[in-house]
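Position 1 is the first residue of the sequence; numbering continues from there. Everything numeric in this text was worked out from a predicted model, so none of it was measured.
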Amino acid sequence: MTTASARHRLPIGIQTFRKLREAGAYYVDKTGFALQMAREGTHYFLSRPRRFGKSLFLDTVKELFEGNRELFLGLEAERRWEWAVRYPVVRLDFAAGSFDEHGGLQDNVVAQLESLERTVMVPRAQPRAPDRLAELLRSLHERAGQPVVVLVDEYDKPILDALAEPGLARANRNYLRSLYSVIKSCDAHVRFCFLTGVTKFSKVSLFSGLNNLVDITMEPEFSSICGYSENDLDTVFAPELRGLDRKRIREWYNGYSWGGTERVYNPFDVLLLFRKRRFGAWWFETGSPRFLIDSLVNRGVPTASLHGIRATDDLLSAFDVGTMSTEALLFQTGYLTLLDLTEEDGEWIYRLGYPNREVRQCLNRALLRALMADGAPDVNAKSLMRRQLRTADVGGIEQSLRGLFAGIPADWHRRNKIAKYEGHYASVVYSFFTGLGLDVRVEDSSSVGRLDMAVRAYGRVFLLEFKVHEQAGAGSALAQLKDRGYADKYRHLGEPVHLLGVEFSSETRTLARFDAELA
């Protein structure tokens, strides 16, 4: 483990273990996980979101099996690995390829196989890529006298790149299935196999020919195989913490969990924070979640329901071309993480939620833009709302909400019924406040019922209840807030509590009534 006595190079963008070690960069020792995997099994699969260190760990495994001891000095593997034995390694890497055109995947695989064949001087003996891979594994085993280590990085990228064209995505999936099935058919020549990717495609669709893979994605002992722990920041990166608010670092970037007791930080965020010395949405901004946003909006998923959404094993595994559950899509891409896990009559229930402020705030900003098209509030409207909340200017808040609803495109109303745009309005309000970085809670439970929305901001509490004006009656929203005593739950905070009754009109499709009162 890198000592904390002096500052070192920040390994931003370094995905090669040799380059990182030779550069003297910070390194969080993950070699213990590789030792455990090599000792306990042979065929593994790991899913983690983008920019979480999967490629670096895969490359670490490569250097370990190749026996490059000099790179592991001072690390856990140095004293526990059998360095006298070296294994040949075959690595397929799909991270840099482009696979959104027909033939792109096949050309990429052929190029990788040709490069491997030249490097190890194995002549091409078969025309088909799966057969060439099989011949490569057999020849390497025979020549080295040791079975081969097979590593596949970003195994699913050729499918994800083509999701906009389902036919191509399925073709890429089927091609990969035939390629990966070779690993099992050549099991006698394989010492170790490890596939990594962002998503977990169903075994039936992609891994039917490689059904001996052990999925360690949700195994507690591997929960911190990627990412940085609290202890890592306080020890390895201690020199970088000077001048930074430790509590704020945790709020912004910690919180990812895959079944273990320890929550981890996104490495990319942490490293960019140390370099830039300011907080920002570094991870979120590196990849456009356009497909994700469009899927959520098209499915009519209420944004307020995302944090705390519940799922089962079946739902989290329901990921394939054209059949991606909302829960699986959000969880596997890193926009939701595991909050807790409970058992109900033999069925495991996963409760998912936002991992940290970065994801919660930025995802809702993106959702708000999609929900409102060109009518999304600009920076001036956001600053105005913050001032209105800070000063409890309820008249100003009303006007800002009216402007927010007026920004919803008229075409949306023509295409949807009141039953749907009730949820649409609530989603717009929730994503607006959450995108401002405020503490927003929905359906907050108390002994008397569930409050629609609570917003804590600037030393104040705002309680909101939403109603359809024509259905519930004028003034019903504020009346419910008062009759059920929702404010009682917040009085112990010692902060002013403001009741806001918000009523939509099913006829004018605008804000019909806004009632405010200090509790």
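- A distance below 6.0 Å separates the ring centres of F192 and Y44.
- With a 6.0 Å cutoff to the six-membered ring centre and a 45° limit on the axis angle, R48 counts as a cation-pi contact of W258.
- The structure places CD of E40 at 10.0 Å from CD1 of I216, a figure rounded to the nearest 0.5 Å.
- Cation-pi geometry between R191 and F65 is not met: the NZ or CZ atom fails to fall both under 6.0 Å from the ring centre and inside 45° of the normal.
- Between F57 and F17, the distance from one ring center to the other does not fall under 6.0 angstrom.
- A centroid separation of less than 6.0 Å is found between the aromatic rings of W283 and Y335.
- In R246, the CZ atom is crowded: over 12 heavy atoms of neighbouring residues, nucleotides or ligands sit closer than 6.0 Å.
- Between the side chains of T31 and D29, at least one donor-acceptor pair of N or O atoms lies under 3.5 Å.
- S229 and R263 share no donor-acceptor pair across their side chains, judged by distance under 3.5 Å alone.
- Side chain to side chain, T323 and D320 fail the donor-acceptor criterion of an N or O pair below 3.5 Å.
- Classification of the Y256-F52 ring pair by plane angle, with boundaries at 30° and 60°, yields perpendicular.
- Ring orientation note: the planes of F222 and F33 are tilted relative to one another, at an angle of 30° to 60°.
- No donor-acceptor pair under 3.5 Å is formed between the side chain of E135 and the backbone N or O of D131.
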Mind running side-chain contact (heavy atoms from CB on, under 4.5 Å) on E63 and R18 for me, showing each step along the way? CA-CA 8 Å; E63 299 289 352; R18 176 177 291 277; 3.8 Å; yes
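- Using the six-membered ring where Trp is involved, H141 and H189 have ring planes that are perpendicular, over 60° apart on the 30 and 60° scheme.
- A search for ring-ring contact (aromatic ring centres under 6.0 Å, His included) contacts involving Y430 returns nothing, not counting sequence neighbours.
- In this structure, a donor-acceptor pair under 3.5 Å is present between the side chains of D215 and T217.
- Between the side chains of Y354 and Q361, no donor N or O sits under 3.5 Å from an acceptor N or O.
- Side-chain polar atoms of T434 and N364 form no donor-acceptor pair below 3.5 angstrom.
- Although no hydrogens or angles enter the test, the distance criterion places no donor-acceptor pair under 3.5 Å between the side chain of K54 and the main chain of V198.
- Annotation for E70: atom CD counts as buried by contact number, over 12 foreign heavy atoms lying within 6.0 Å.
- Between the side chains of S223 and E219, no donor-acceptor pair is found at a separation under 3.5 Å.
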Please output the side-chain donor-acceptor pairs of residues 87-95 that fall under 3.5 Å, not counting sequence neighbours, one pair per line with the distance.
{"residue": "R91", "atom": "NH1", "partner": "D59", "partner atom": "OD1", "Å": "2.7"}
{"residue": "R91", "atom": "NH2", "partner": "D153", "partner atom": "OD2", "Å": "3.4"}
{"residue": "D93", "atom": "OD1", "partner": "A95", "partner atom": "N", "Å": "2.9"}

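- Within a 6.0 Å sphere centred on CZ of R310, other residues, nucleotides and ligands contribute 12 heavy atoms or fewer.
- At least one donor-acceptor pair under 3.5 Å links the side chain of N266 to the backbone N or O of D269.
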- prompt: When you look at R21 and F72, which way does the side-chain contact (heavy atoms from CB on, under 4.5 Å) test go after all the steps?
  reply: CA-CA 8 Å; R21 296 292 287 170; F72 294 85; 5.8 Å; no
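- Between the side chains of S185 and D187, not a single donor N or O lies within less than 3.5 Å of an accepting N or O.
- A side-chain donor-acceptor contact under 3.5 Å links T303 and S431.
- The heavy-atom pair separating L306 from V301 by the smallest distance is CD2-CG1, 3.6 Å.
- Here L195 contributes atom CG and D156 contributes atom CG; the two are 9.5 Å apart, rounded to the nearest 0.5 Å.
- The aromatic rings of F274 and F237 lie tilted to each other, with the angle between the two planes from 30° to 60°.
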Just do the salt bridge (Lys or Arg N to Asp or Glu O under 4.0 Å) check on E154 and R50 with the steps written out, would you? CA-CA 9 Å; E154 302 292 352; R50 57 187 171 81; over 6 Å; no
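- Aromatic pair F331/Y350: centroids not less than 6.0 angstrom apart.
- Atoms CE and CH2, from M218 and W348 in turn, are 11.0 Å apart once rounded to the nearest 0.5 Å.
- L35 CG to R80 CZ: the interatomic distance, rounded to the nearest 0.5 Å, is 5.0 Å.
- Between the side chain of R143 and the backbone N or O of V120, at least one donor-acceptor pair lies under 3.5 Å.
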